Structures are given as structure tokens and as C-alpha cells.
Amino acid sequence: MSAPLEPVQLTDGDLVLRPWREDDVGAYWTALESPGGRVWHGSTTATRDDVAALLAQRQDWSSGDRASWCATGAAGQLLGSLSLHHIDLDQRDAEIGYWTVPVARGQGVAVRAVEAVVRWGFGDLGLQRIQLFHAVENTASARVAEKSGFTLEGRLRQSHRFEDGLWHDELL
Ligand SMILES: CC(C)(COP(=O)(O)OP(=O)(O)OC[C@H]1O[C@@H](n2cnc3c(N)ncnc32)[C@H](O)[C@@H]1OP(=O)(O)O)[C@@H](O)C(=O)NCCC(=O)NCCS
């Protein structure tokens, strides 16, 4: 069980993680529709209306089991998405998820953003465990996990169905 959370903004230099806003729908949709934008994307977002519904959910932190951020750069442009979900303050654990827009990849955005979220989770939120799952084939995410300090614990067989409709093994 979790108490309601108050949305917070996190920063790391010019990288800002702020709560999602309604007017982010267009930029989110553009990122999804760009080449590579849907690779390993976790949520079902076939239409722009799906994105609007998803962002409406993500703006609301009142359930206390999810915290979601829009990562932006110096000019306020969308760089990516971060979330802690399945937050359980009794167990003091949560799961982290992330993606970056294709044009921003390979510049260290994901690692910096993941580290900022992890600092907040272990610090302000008092978590003692944050889990990160990625498909075995997702070598970019594996590198993000490794660089931001996560420890490989094991392989989960056919544990998640991704947007390609197939179940993939994941690494925890
Ligand atoms: C995974 C993802 C978030 C990485 O974002 P990013 O902003 O490019 O990551 P970073 O720039 O912080 O790179 C981190 C490391 O990963 C490496 N990396 C990036 N793409 C890679 C790839 N395709 N294969 C192997 N390593 C890769 C980078 O080189 C860097 O390591 P280095 O500093 O030792 O060179 C991004 O590729 C993405 O959004 N992918 C699609 C969605 C996704 O996979 N989300 C995670 C689901 S678990």
C-alpha cells in the first residue's frame, strides 16, 4: 500500500525531469512515430488518443504507486520518459522504466535521468530496492542498467509481451 505522492521535479544540470503535462501529447506522439520510437516501448499506444489517456494517468500521482516524469533538455524539448511504478512503501520497493527519444539517444540522457530517479527513490521516498527489467535483446537498456549501478540478478523466461506481440525473456 502507498500513500498519495506529490508530483516533484528533479534536475541534473540542464536535464529536467518534470511531471507530464497535457500539452506533451504532440511531442510524445512524434517521438513514438519517429524511426525506432516504438522499439521496446512498454505501453499500448496505437493512437494519439491512447497517448493522451496515458499522459492523463501519468499526471496523476495520487494513487501513490507511480511517479512519472517527462525528461526535457535546456530548450524544454522532450528527451524521454521516466517512471517508478509498482511503488510499495510498506515493502519499500518499486520498478523503474524509461525511454529516450531517438534523436537524443547515445548522449548519456538515459543514464543521467535514471540516476536522478534512483537518487530520489532511495533518498526522498526511502526505498530499499528498485527493480529494472529489460528484454534480453535490448543491449542499450542493459548498458544503461549497468552504468547506473544496477546488478544483474537473473533471467526471467518469456516474462513480458512487448509491442511486437511476442513474449521475450527479460533480465532482472
Ligand atoms: C535504452 C535507451 C533508453 C538508452 O537511452 P540513451 O539515452 O541512448 O542511453 P545513454 O546515452 O545514457 O547510453 C547509455 C549507454 O548505452 C550504450 N548504448 C546505447 N545504445 C546502445 C545499443 N544499441 N547497444 C549497446 N549499447 C548501447 C551507450 O553507448 C552508453 O554506453 P557508453 O557510455 O559506455 O558508450 C534508449 O535506447 C531507448 O529509449 N530505447 C528504446 C526504449 C527502451 O529500450 N527502454 C528501456 C526498456 S527496459
Side-chain angles (χ1 to χ4, degrees), residues 9-18 20 24-48 50-51 54-55 57-58 65-87 93-122 127 129-172:
Q9 178 166 303
L10 309 175
T11 54
D12 174 25
D14 59 5
L15 178 67
V16 175
L17 306 189
R18 58 154 175 83
W20 288 98
D24 291 320
V25 172
Y28 192 122
W29 179 248
T30 302
L32 267 187
E33 290 290 279
S34 61
R38 290 186 182 274
V39 179
W40 305 119
H41 190 263
S43 307
T44 306
T45 42
T47 68
R48 208 182 151 107
D50 292 337
V51 172
L54 183 78
L55 292 194
Q57 268 176 12
R58 292 195 174 174
D65 64 358
R66 172 183 275 278
S68 302
W69 295 268
C70 169
T72 61
Q77 76 278 24
L78 173 65
L79 294 179
S81 165
L82 278 297
S83 70
L84 278 182
H85 38 270
H86 302 316
I87 296 172
D93 61 15
E95 190 180 317
I96 193 166
Y98 47 85
W99 53 261
T100 53
V101 301
V103 291
R105 290 179 189 165
Q107 298 165 39
V109 171
V111 170
R112 286 169 66 202
V114 166
E115 287 176 348
V117 169
V118 164
R119 272 196 301 276
W120 180 78
F122 285 135
L127 300 177
R129 178 178 170 87
I130 297 175
Q131 303 199 113
L132 187 164
F133 301 85
H134 65 80
V136 168
E137 302 91 332
N138 191 348
T139 47
S141 190
R143 188 74 184 120
V144 171
E146 187 184 13
K147 284 196 79 178
S148 48
F150 285 80
T151 305
L152 179 62
E153 294 187 347
R155 179 175 183 137
L156 310 174
R157 287 168 190 268
Q158 304 279 294
S159 53
H160 191 76
R161 183 156 68 149
F162 286 86
E163 282 213 353
D164 61 5
L166 302 174
W167 280 266
H168 292 255
D169 286 7
E170 291 175 294
L171 297 179
L172 167 61

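Whatever order the structure lists ligands and atoms in, that order sets their numbers, starting from 1. What you are looking at is a predicted structure, and each value in this text was computed from that prediction instead of being measured.
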Using side-chain contact (heavy atoms from CB on, under 4.5 Å), reason through Leu15 and Val109 one step at a time and then give a plain yes or no. CA-CA 8 Å; Leu15 178 67; Val109 171; 4.2 Å; yes
Before accepting this row, confirm whether a basic side-chain N of the pair Arg112/Asp14 lies closer than 4.0 Å to the acidic partner's carboxylate O. yes
Check: Trp40 ring centroid to His168 ring centroid under 6.0 Å: yes
Is it the case that Glu170 and Ser159 place a side-chain donor and acceptor less than 3.5 Å from each other? yes
Within the 3.5 Å criterion, strictly below it, is a donor on Arg129 or Gln131 matched to an acceptor on the partner's side chain? yes
For residues Ser81 and Tyr28, is any side-chain donor paired with an opposing acceptor at under 3.5 Å? no
Taking non-hydrogen atoms within less than 4.0 Å of ligand 1, which protein residues qualify? Val39, Trp40, Tyr98, Trp99, Thr100, Arg105, Gly106, Gln107, Gly108, Val109, Ala110, Val111, Phe133, His134, Asn138, Thr139, Ala140, Ser141, Arg143, Val144, Lys147
